[in-house]
Amino acid sequence: MDQKGVAVMSTEPILSARNLVKRYGRVTAIDHCDFELMPGEILAVIGDNGAGKSSLIKAVSGAVIPDEGEVFLEGKRVRFNSPIEAREHGIETVYQTLAMSPALSIADNMFMGREIRMEGILGSVFRRLDKKKMEEIARQKLNDLGLMTIQNINQAVETLSGGQRQGVAVARAAAFGSKVIILDEPTAALGVKESRKVLELILDVRSRGIPIILISHNMPHVFELADRIHVHRLGKRLCVIDPKDYTMSDAVAFMTGAKEPEAVAA
Amino acid sequence: MDQKGVAVMSTEPILSARNLVKRYGRVTAIDHCDFELMPGEILAVIGDNGAGKSSLIKAVSGAVIPDEGEVFLEGKRVRFNSPIEAREHGIETVYQTLAMSPALSIADNMFMGREIRMEGILGSVFRRLDKKKMEEIARQKLNDLGLMTIQNINQAVETLSGGQRQGVAVARAAAFGSKVIILDEPTAALGVKESRKVLELILDVRSRGIPIILISHNMPHVFELADRIHVHRLGKRLCVIDPKDYTMSDAVAFMTGAKEPEAVAA
Amino acid sequence: MANQDNYESAVNASDKQAEFDYERKGIVHRIQHTLHMTPSLVPLVVLLGAIIVFAVILGGRFFSGPTLTLILQQVQIVGILAAAQSLVILTAGIDLSVGAIAVFSSVIMGQFTFRYGIPPAIAVALGLAVGTGIGAMSGWLVSKVKLPPFIVTLGMWQIVLAANYLYSRNETIRSQDIREQAPFLGFMGQRFEVGSAVVTFGVVTMVLIVVILAYCLRSTSWGRHVYAVGDDAEAAELAGVNRHGTLMSVYMLTGFICAIAGWVMIGRLGSVSPSASTGVVGNIQSITAVVIGGISLFGGRGSIWGVFFGALIVGTFELGLRMAGANAQWTLLLIGVLIIGAVAVDQWIRKVSL
Amino acid sequence: MANQDNYESAVNASDKQAEFDYERKGIVHRIQHTLHMTPSLVPLVVLLGAIIVFAVILGGRFFSGPTLTLILQQVQIVGILAAAQSLVILTAGIDLSVGAIAVFSSVIMGQFTFRYGIPPAIAVALGLAVGTGIGAMSGWLVSKVKLPPFIVTLGMWQIVLAANYLYSRNETIRSQDIREQAPFLGFMGQRFEVGSAVVTFGVVTMVLIVVILAYCLRSTSWGRHVYAVGDDAEAAELAGVNRHGTLMSVYMLTGFICAIAGWVMIGRLGSVSPSASTGVVGNIQSITAVVIGGISLFGGRGSIWGVFFGALIVGTFELGLRMAGANAQWTLLLIGVLIIGAVAVDQWIRKVSL
Amino acid sequence: EAHDDVSACLITKTDTNPFFVKMREGATAAAEELGIGLNSYAGQVDGDNETQVAAVETCIANGASGILITASDTAGIAPTIQRARDAGLLVIALDTPLDPADAADATFATDNYEAGRLIGAWAREQMGDEAENAVIATLNISLAQPTVGVLRNQGFMEGFGVDLGDPNRWGDEPDDRVVCDEVSAGNQEGGRTGMENCLAVNPNINLVYTINEPAAAGAYEALLAIGRENDVMIVSVDGGCPGVQNVADGVIGATSQQYPLDMARLGIEAIYEYATEGTVPEPSEGLDFFNTGVNLVTDDPVDGVPSISVEEGLERCWG
Ligand SMILES: Nc1ncnc2c1ncn2[C@@H]1O[C@H](COP(=O)(O)OP(=O)(O)OP(=O)(O)O)[C@@H](O)[C@H]1O
Ligand SMILES: Nc1ncnc2c1ncn2[C@@H]1O[C@H](COP(=O)(O)OP(=O)(O)OP(=O)(O)O)[C@@H](O)[C@H]1O
Ligand SMILES: [Mg+2]
Ligand SMILES: [Mg+2]
């Protein structure tokens with residue numbers, strides 16, 4: 001896996017789902033939905049608010065257990081009972097709610113669940129954390145994203161601005177994802193500069209051969225990055241389109257229901 | 001006040017602030033910042049993540065009490081000790097954190113603090129709420145915003161999708177603001193259609209003569225709507241520009257520090 | 001950037017509401033849905049289950065008017081305190097002083113009548129006022145000084161309890177004296193019969209308090225504000241709720257209801273005694289009822305009906321176990337098991353009902 | 001749309017970090033800043049204040065090695081229980097069974113030695129194991145069955161307390177017997193002198209537990225996970241924390257530490273008694289110390305050092321007031337006032353230090 | 001003549017029970033009379049050993065001359081008492097002997113077993129032949145079964161002629177006549193609930209033993225509520241003024257009266273003498289403690305059970 005730039009359409013999807021259903025009381029969040037992610041590609045998922053995009057990626061990443069349907073990773077059926085299991089399989093997710101511990105510091109949040117221990121006896125016997133190292137890496141990752149306004153790396157996450165918080169979450173996923181990276185609206189709260197950096201980061205990750213699922217409402221960004229676009233509507237996959245064959249207007253018309261796609265594309 | 005469309009630059013600002021300072025421990029969120037909102041205008045506030053935009057509008061809307069500096073409403077010095085006081089003066093705010101009660105329903109949240117009581121003795125003596133009416137109005141306001149995917153108006157807000165939640169908050173502010181409406185990134189989580197509706201709503205509100213403060217990272221939106229643009233950088237007002245005199249690139253260059261504004265404009 | 005078309009104009013969609021099919025499968029789902037919509041019914045189901053089990057084991061001895069109403073009488077004080085406690089817990093607080101306020105108020109009512117010769121009705125009113133006042137103090141400390149409710153009411157508990165002993169000089173007012181000289185003090189203990197059931201005014205008062213509070217919490221702005229403050233106080237304040245006013249009203253009302261519990265206590269015990277165990281164990285009993293009833297200790301979630309059933313569940317277990325012949329120590333142990341079991345069943349019903 | 005220029009390319013800014021001037025005005029601000037950074041120092045300030053006040057009032061009688069170390073001895077059990085309690089409260093739980101576990105473990109240690117003739121060291125180990133086991137049960141119910149910790153540990157409290165009475169047959173093992181036949185049981189009570197100060201192994205154990213826990217909570221992944229789970233359990237799980245494992249370890253460790261408290265209790269009281277009041281009042285005392293020490297009952301915030309000082313604050317008040325001759329009711333009342341006062345001062349220091 | 005350097009400590013089980021309140025009043029009066037200092041302490045709940053230990057330590061630290069203590073845990077407190085005696089304090093057990101009794105320098109106590117035996121014997125004589133068919137409920141103090149509660153209960157059982165089982169426990173009597181054991185916390189509330197529970201278990205109860213008079217008053221309310229106040233006999237222990245008044249009113253059949261004021265007064269005087277002259281008090285003849293006496297109070301005396309009248313009881317009650 002070392003293809004650069006363009007997506008490679010192998011026949012076998014790396015992550016896929018069949019016939020997923022998830023109901024919350026009277027609300028049907030996912031309604032018999034299929035889903036496919038090919039190796040090395042950037043797959044954008046677009047759709048109205050409440051269409052069920054977040055629910056879908058939660059179902060494939062173990063954060064929610066679907067009522068019906070199956071999930072496959074590299075062709076093998078998987079049943080994730082918790083996000084930890086998905087992570088152990090190399091699936092890293094930035095949830096829309098960010099999944100941060102508000103009272104803990106930036107570095108603590110970034111390394112949550114995979115803290116770095118000191119070297120030598122302090123680390124192996126006394127299991128002492130190497131706070132300095134974690135802080136340095138955290139600072140570095142944030143600088144990579146252009147988040148230079150964070151004045152104090154030991155600030156609690158709850159005291160960060162909305163965009164800073166999102167930046168921390170994205171940096172975390174980018175740093176640790178190994179097989180699939182899922183980003184649910186990663187640039188929603190970000191400024192122009194920071195958004196740009198995230199887009200660069202996404203391209204960079206793909207160039208390392210790791211496929212990415214990108215949920216976004218920003219059409220220019222989606223059309224700029226995506227290899228394929230999954231259009232979600234009313235809990236279902238409406239169609240998958242190739243951004244080179246359609247315009248942004250078409251995509252928006254599909255997702256809002258103004259226009260019907262002729263056939264399932266791509 | 002019945003001017004339509006274009007902003008009217010009267011000499012007296014409706015809401016202004018002088019020399020505001022707010023420190024959090026070592027972090028300086030607002031650093032001797034000035035601010036002015038003219039009657040009937042749409043003032044956009046732009047700036048990097050963590051520049052202090054949210055802190056600034058919190059300080060002028062009573063959600064945070066500044067360490068130094070003064071706030072004036074219609075020329076008179078005001079000291080808001082809580083957002084309620086600001087609201088009583090007609091200032092309505094959508095905070096970036098949305099300020100919702102997660103366990104309560106959409107209607108409950110929308111009418112929080114100004115519930116509608118039943119008519120007749122049930123309302124005046126037994127103070128019974130008119131739930132049906134509130135639900136109807138809530139549904140109406142959401143439809144106005146194009147948020148048609150909300151299946152159950154009695155859903156708890158915590159079960160809404162990110163965009164749906166933001167829509168509820170925006171609908172609330174638009175419905176009740178009387179003197180100034182402040183919107184902190186109102187379209188961050190919204191879809192294309194819903195964002196469009198919010199922009200229309202903003203124009204509609206201005207046409208009713210009510211001035212609006214709009215914080216946004218979406219430059220096309222800002223340049224489309226704003227009468228003036230307040231550029232914020234490192235806790236300070238860097239400059240105020242007229243969108244007709246500058247390009248988006250200029251604005252972005254100012255706010256990221258790539259370029260210095262020649263003189264304080266507009 | 002590639003496609004710079006004016007895509008945003010493509011949104012003039014058919015503006016119709018999203019619709020999915022709501023169909024579910026038959027009666028079981030219907031019941032589950034009902035339970036899910038009104039979670040306070042879940043403790044009721046547990047309660048009915050407990051009553052049925054004991055009725056099967058113990059037969060008519062248990063499942064009779066007098067015995068079932070005896071449960072009501074035994075829980076009336078805890079039930080009223082739990083109603084008061086619910087209010088505070090809904091605001092994400094906790095009130096450790098409920099029992100102490102009840103005892104102190106009853107002492108005030110008694111001593112004012114007998115020590116100073118104040119007419120009983122006025123003494124009762126003064127007792128209610130003192131309870132409200134104590135609540136106001138706690139409320140002020142919680143809301144204005146922003147101290148944790150646990151600490152404030154822990155301190156108040158000790159202060160009120162100590163004041164109670166110091167003021168009363170540990171003297172009991174005997175029931176004979178109350179019956180002869182100030183029957184109004186014992187009013188809440190008066191009983192009337194409905195068929196074979198025996199009901200006291202205290203029990204009626206408990207039910208009334210629950211009904212009124214349930215109405216206020218559900219159907220008035222004040223109730224919505226109580227939930228909002230408990231859910232997320234900061235968000236509520238930003239949204240325009242008067243946090244201070246709401247908290248003050250809640251703590252004062254709690255103090256007032258506790259004082260009513262004090263009056264009910266005089267009726268139930270006949271006498272006025274500063275050393276009633278409610279002062280010490282009333283807190284934990286009332287909190288237990290609240291939590292069994294499904295109100296979250298983190299505030300903002302739950303209903304007062306659940307609390308009422310929660311109090312009855314504990315009362316039913318206690319009486320049922322004693323009647324089944326468990327001795328006091330075994331009863332303690334079994335109640336522990338049953339409390340956990342009751343809440344586990346509750347949780348289970350809620351889960352399948354999703 | 002008007003200006004469709006490629007504005008996003010304008011971001012190649014000078015990528016330097018934001019810098020403001022951090023200068024503040026002199027020593028007061030320096031102190032405030034320190035207090036703000038390490039909030040656990042605030043209870044220490046309150047504690048020192050209390051000691052100074054009592055030293056002024058009572059003179060050398062109070063401000064002497066023996067008396068000050070007496071405070072340590074008097075708080076050792078509550079201090080250890082509070083350390084255990086802190087862990088659970090940091091995960092947004094609460095443990096009402098800490099006192100009961102301590103008493104039951106001490107009874108196990110004693111009865112195993114005397115009833116079955118098991119060597120004392122092994123009996124102590126078994127007692128510690130039982131404590132850990134009880135914690136494991138609570139942890140499992142909280143983590144797997146997802147019951148509210150309040151209910152689980154309330155039930156456990158009653159179960160353990162009843163088991164304790166039933167198993168011990170309410171028999172006390174007398175100190176003469178322990179001294180003669182199983183001095184190891186009383187090991188924690190052995191005292192040695194450092195200057196005029198008297199220290200027991202129990203006190204040393206308490207300090208050690210606090211030091212070790214403080215280290216683990218601050219400087220190991222486990223500690224970070226405890227905070228994360230308490231802060232927002234769902235977010236922590238999404239971020240990859242093993243919620244179940246963390247909760248289990250916390251409740252088991254809590255049970256283990258409570259059992260150590262039971263062993264310390266044998267040392268302090270000399271005898272083994274199933275009716276030790278720690279079983280009943282230990283919970284509220286430990287929770288009080290935790291809250292005074294600045295740990296939030298909502299979890300995720302606070303430090304164990306604060307709890308240690310919190311326990312000492314209460315101990316100092318109690319001893320000081322007793323020595324000053326306040327009678328029990330007045331002591332109760334004043335402690336109530338002082339608890340509120342201590343936390344108010346704490347709050348005030350934190351606020352001005354912002 | 002004041003003795004500023006002499007001070008005494010009074011440590012009671014709780015200070016909410018009227019019995020201990022009276023004890024404190026007696027001690028305070030005696031201390032004032034003699035011009036010595038007095039600090040009084042109490043546990044938080046019945047059976048609270050830890051607070052009593054802390055109180056003893058405080059007395060040592062304060063340099064008191066002597067301690068009067070009604071121990072919550074008679075065996076458990078012993079090592080702490082030893083420390084006090086080692087520090088040169090005179091320790092007198094009030095009301096409750098320590099275990100072993102010589103752990104204290106002296107004991108001024110009621111014979112609680114005797115107090116129980118008196119009411120038991122009285123009840124049996126009152127019932128006559130019907131005693132064979134008695135249906136007995138006992139309302140005890142607390143689940144922890146503290147010694148005083150056990151002594152009173154088991155004394156009652158012996159007096160009534162019930163086989164004791166283990167004399168160190170209540171509730172294990174093999175006799176069918178005892179149908180219910182409840183705990184009452186020694187107050188009206190516990191008394192009423194306990195009685196209601198016992199009546200639910202067996203509605204034919206006709207004899208009720210109560211740990212003290214407040215519990216008896218609560219039990220009476222429960223009986224009153226179902227109209228059985230006249231056919232059930234209640235016996236109790238303590239002899240406080242409201243309790244004796246309740247005997248006069250027919251609420252309680254008979255009660256055993258103790259003399260806490262005397263205990264406290266004698267205790268304070270003993271400490272005073274120890275501090276000023278170094279003498280240690282002697283126990284009563286034939287007992288290992290100084291018996292402050294107990295009397296059955298009733299207006300229905302029976303043969304073979306010595307008693308005093310209600311009138312005399314009211315004169316000697318603690319008020
Ligand atoms: N826990 C829940 N309980 C009830 N309904 C829920 C829950 N979570 C989601 N929903 C509902 O499911 C639907 C889909 O939500 P989801 O968050 O997946 O939308 P989305 O496509 O991510 O929207 P957005 O773009 O606004 O983030 C919405 O109608 C929402 O209200
Ligand atoms: N309560 C707080 N405690 C400490 N620091 C804070 C607090 N609130 C805000 N800050 C800091 O103040 C600075 C300004 O934050 P603010 O939220 O105003 O930024 P913003 O301009 O709104 O950013 P964004 O566009 O990301 O929303 C940030 O560096 C943030 O970390
Ligand atoms: Mg979403
Ligand atoms: Mg912001």
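What's counted below: heavy atoms across the whole structure, side chains too, no hydrogens, waters or symmetry copies. Reminder, nothing fancy here: chain letters follow the sequence lines and each chain counts from 1.
Formation of a donor-acceptor pair under 3.5 Å by the D:N170 side chain with backbone atoms of E:A144 is found in this model. No side-chain donor-acceptor contact under 3.5 Å links E:E57 to the backbone of D:Q74. With hydrogens and angles ignored, the 3.5 Å screen pairs no side-chain donor or acceptor of D:R174 with any backbone N or O of E:G76.
If you tally non-hydrogen atom pairs under 4.5 Å between each of E:D172, E:L143, E:V53 and chain D, the highest count goes to E:L143. Comparing D:S64, D:S275, D:A326, D:S168 by heavy-atom pairs within less than 4.5 Å of chain E, the highest count is held by D:S275. For the set D:R61, D:M323, D:M265, the entry with the most heavy-atom pairs within less than 4.5 Å of chain E is D:M323. Of the residues considered (E:I60, E:D48, E:D166, E:T51), E:D48 shows the highest number of contacts with chain D, using heavy-atom pairs under 4.5 Å.
Atom CD of E:E50 sits about 8.0 Å away from atom OG of D:S273, to the nearest 0.5 Å. Atoms OG1 and CG, on D:T278 and E:N49 in that order, are 9.0 Å from each other to the nearest 0.5 Å. Taking CD1 of E:I77 as the start and OG of D:S271 as the end, the distance is 8.5 Å to the nearest 0.5 Å. Taken to the nearest 0.5 Å, the OH atom of E:Y41 stands 10.0 Å off from the CG atom of D:L321.
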Worked check of side chain to side chain donor-acceptor pair (under 3.5 Å) between E:N168 and D:E171: CA-CA 8 Å; E:N168 295 318; D:E171 279 163 19; over 6 Å; no

Criterion side-chain contact (heavy atoms from CB on, under 4.5 Å) on D:L269 and E:T80, from CA distance to verdict: CA-CA 7 Å; D:L269 303 179; E:T80 315; 5.7 Å; no

Residue pair D:R322, E:N39: steps toward the side chain to side chain donor-acceptor pair (under 3.5 Å) verdict: CA-CA 8 Å; D:R322 269 201 296 263; E:N39 286 334; over 6 Å; no

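The shortest heavy-atom contact between E:R83 and D:R268 is NH2-O, 4.5 Å.
Residues E:T58 and D:L319 are in side-chain contact: their nearest non-hydrogen atoms beyond the backbone lie under 4.5 Å apart. Under the 4.5 Å side-chain criterion, counting only non-hydrogen atoms from C-beta, D:Y165 is not in contact with E:Q145. Here the side chains of D:Q176 and E:P100 are in contact, with some heavy-atom distance below 4.5 Å.
Heavy atoms closer than 4.5 Å to chain D are found in both the backbone and the side chain of E:D99. The contact between D:R179 and chain E is made entirely by side chain atoms (from C-beta outward), counting heavy-atom distances below 4.5 Å.
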